[in-house]
Amino acid sequence: MKNCIILYCSIFLAISAMMISCVPQTCNEKTESLAGATFYKTGTGKIEAPDTVSIFCIKEDISVFYQKLLKRAIIYLPFDPSAEKCTFILRINQTTDTVTFNYTTFPYLVSKECGYTYCFSVTGYWSTKNIIDTIIVVNNRITTGNEENMRIFY
């Protein structure tokens, strides 16, 4: 009888240990890849936040991503992993421009706990010139690092 109790306790402990080891750990890393864009004043070359910025994503319908941000020098733009280009309407100080980015998408393993996400590589861009003077892509790889990828001169 004593051997049966020891056997049952051993089996119970083994099953408990296996179940505990299968519990997924939490994900503490960033899993969203956003393109960091910094605003620069044309002529001075210095970072200067516009008075207001609104950004609209153009997909099947137009949706607002940022609405009237005040004095924001850096913004983060979401790219669509299921497409090869993304178009945004930027309203800077009440003047509107359209910006389109062409890119390739590639999977990126964040970690075992977080799994995969998508990162992007900018291959080209185009913009209207109402208030935007120039866009310079300083880092074409868009990852989860939330770093400066482009400079928008206005």
Side-chain angles (χ1 to χ4, degrees), residues 15-154:
I15 291 173
S16 297
M18 285 189 291
M19 290 180 73
I20 290 171
S21 69
C22 293
V23 174
Q25 297 179 3
T26 59
C27 174
N28 295 324
E29 290 126 86
K30 295 177 183 174
T31 58
E32 191 173 19
S33 299
L34 299 172
T38 307
F39 290 103
Y40 287 79
K41 191 66 176 170
T42 299
T44 66
K46 294 181 181 179
I47 296 175
E48 186 173 319
D51 293 335
T52 61
V53 176
S54 295
I55 300 170
F56 305 88
C57 296
I58 299 179
K59 286 180 91 172
E60 294 169 11
D61 59 345
I62 296 177
S63 58
V64 177
F65 189 66
Y66 290 119
Q67 181 75 29
K68 292 189 179 180
L69 295 174
L70 301 175
K71 295 290 186 182
R72 181 76 61 97
I74 300 171
I75 58 171
Y76 294 96
L77 303 171
F79 284 16
D80 182 2
S82 65
E84 294 178 352
K85 70 177 183 175
C86 218
T87 302
F88 300 95
I89 297 173
L90 274 70
R91 185 172 299 140
I92 303 169
N93 297 339
Q94 304 305 315
T95 304
T96 303
D97 272 309
T98 302
V99 180
T100 300
F101 295 99
N102 297 317
Y103 53 88
T104 57
T105 305
F106 57 94
Y108 170 73
L109 177 63
V110 177
S111 68
K112 179 179 141 186
E113 295 80 22
C114 298
Y116 284 88
T117 190
Y118 289 102
C119 292
F120 309 95
S121 180
V122 176
T123 58
Y125 58 91
W126 173 87
S127 75
T128 57
K129 304 281 187 192
N130 297 321
I131 193 167
I132 294 176
D133 179 52
T134 307
I135 296 176
I136 298 174
V137 176
V138 294
N139 181 4
N140 71 330
R141 286 183 66 92
I142 299 167
T143 64
T144 58
N146 288 348
E147 55 206 9
E148 181 184 46
N149 298 100
M150 58 198 70
R151 296 177 178 177
I152 300 174
F153 290 83
Y154 72 100

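Values below: all heavy atoms of this structure, side chains included; hydrogens, waters and symmetry mates excluded.
Dense packing is recorded around NZ of K129, with more than 12 heavy atoms of other residues, nucleotides or ligands lying under 6.0 Å away. Under a cut-off of 6.0 angstrom, the local environment of OH in Y118 is sparse, with at most 12 non-hydrogen atoms contributed by other residues, nucleotides or ligands. Other residues, nucleotides and ligands place no more than 12 heavy atoms under 6.0 Å from the OH atom of Y116.
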Go through it in stages, so that I can follow the logic: the residues are T96 and L90, the test is side chain to side chain contact (heavy atoms under 4.5 Å, CB included), and I'd like the CA-CA distance, side-chain angles, deciding distance and then a yes or no.
CA-CA 6 Å; T96 303; L90 274 70; over 6 Å; no
For E32 and T117: C-alpha separation, side-chain torsions, deciding distance, then whether side chain to side chain contact (heavy atoms under 4.5 Å, CB included) applies.
CA-CA 7 Å; E32 191 173 19; T117 190; 5.8 Å; no
Side-chain donor-acceptor distances from residues 35-48 under 3.5 Å, at least two apart:
{"from": "T38", "atom 1": "OG1", "to": "E148", "atom 2": "OE2", "distance (Å)": "3.0"}
{"from": "Y40", "atom 1": "OH", "to": "E148", "atom 2": "OE2", "distance (Å)": "3.2"}
{"from": "Y40", "atom 1": "OH", "to": "R151", "atom 2": "NE", "distance (Å)": "3.2"}
{"from": "T42", "atom 1": "OG1", "to": "Y154", "atom 2": "N", "distance (Å)": "3.4"}
{"from": "T42", "atom 1": "OG1", "to": "Y154", "atom 2": "O", "distance (Å)": "3.1"}
{"from": "T44", "atom 1": "OG1", "to": "K41", "atom 2": "O", "distance (Å)": "3.2"}
{"from": "T44", "atom 1": "OG1", "to": "K46", "atom 2": "N", "distance (Å)": "3.2"}

Atom pairs and distances, donor-acceptor, side-chain atoms in residues 131-139, under 3.5 Å, two or more places apart:
{"from": "N139", "atom 1": "OD1", "to": "R141", "atom 2": "N", "distance (Å)": "3.2"}
{"from": "N139", "atom 1": "ND2", "to": "E147", "atom 2": "OE2", "distance (Å)": "3.0"}

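Considering all non-hydrogen atoms of both residues, C119 and T143 come closest at SG-CA, 3.8 Å. In terms of heavy-atom proximity, S54 sits nearest to K68 at OG-N, 2.8 Å. The nearest pair of heavy atoms linking F101 to L77 is CE1-CD1, 4.1 Å. In this structure, L109 and G115 approach most closely via the heavy-atom pair CD1-O, 3.7 Å.
The distance from the OG1 atom of T123 to the CD atom of E84 is 8.5 Å, given to the nearest 0.5 Å. With rounding to the nearest 0.5 angstrom, the CD1 atom of I58 is 3.5 Å from the CD1 atom of I89. Atom CZ in F88 sits 8.5 Å away from atom CD1 in I75 (nearest 0.5 Å).
Side-chain contact check for I92 versus D97: every heavy-atom pair is 4.5 Å or farther apart. Contact check for V53 versus R91: no side-chain heavy atoms found under the 4.5 Å cut-off. Side-chain contact between V99 and I152 is absent, with no heavy-atom pair separated by less than 4.5 Å. Looking only at side-chain heavy atoms (C-beta outward), S127 and Y125 stay at 4.5 Å or farther from each other. The closest side-chain heavy-atom distance from V122 to F79 is below 4.5 Å. With contacts defined as side-chain heavy-atom distances shorter than 4.5 Å, the pair N146/L34 qualifies.
For T100, the side chain to side chain donor-acceptor pair (under 3.5 Å) test picks out T87, with sequence neighbours left out.
At distances below 3.5 Å, at least one donor-acceptor pair connects side-chain atoms of T128 with backbone N or O atoms of T98. No donor-acceptor pair closer than 3.5 Å links the side chain of Y103 to the backbone N or O of N140.
Side-chain atoms of N93 and T95 include no donor-acceptor pair closer than 3.5 Å.
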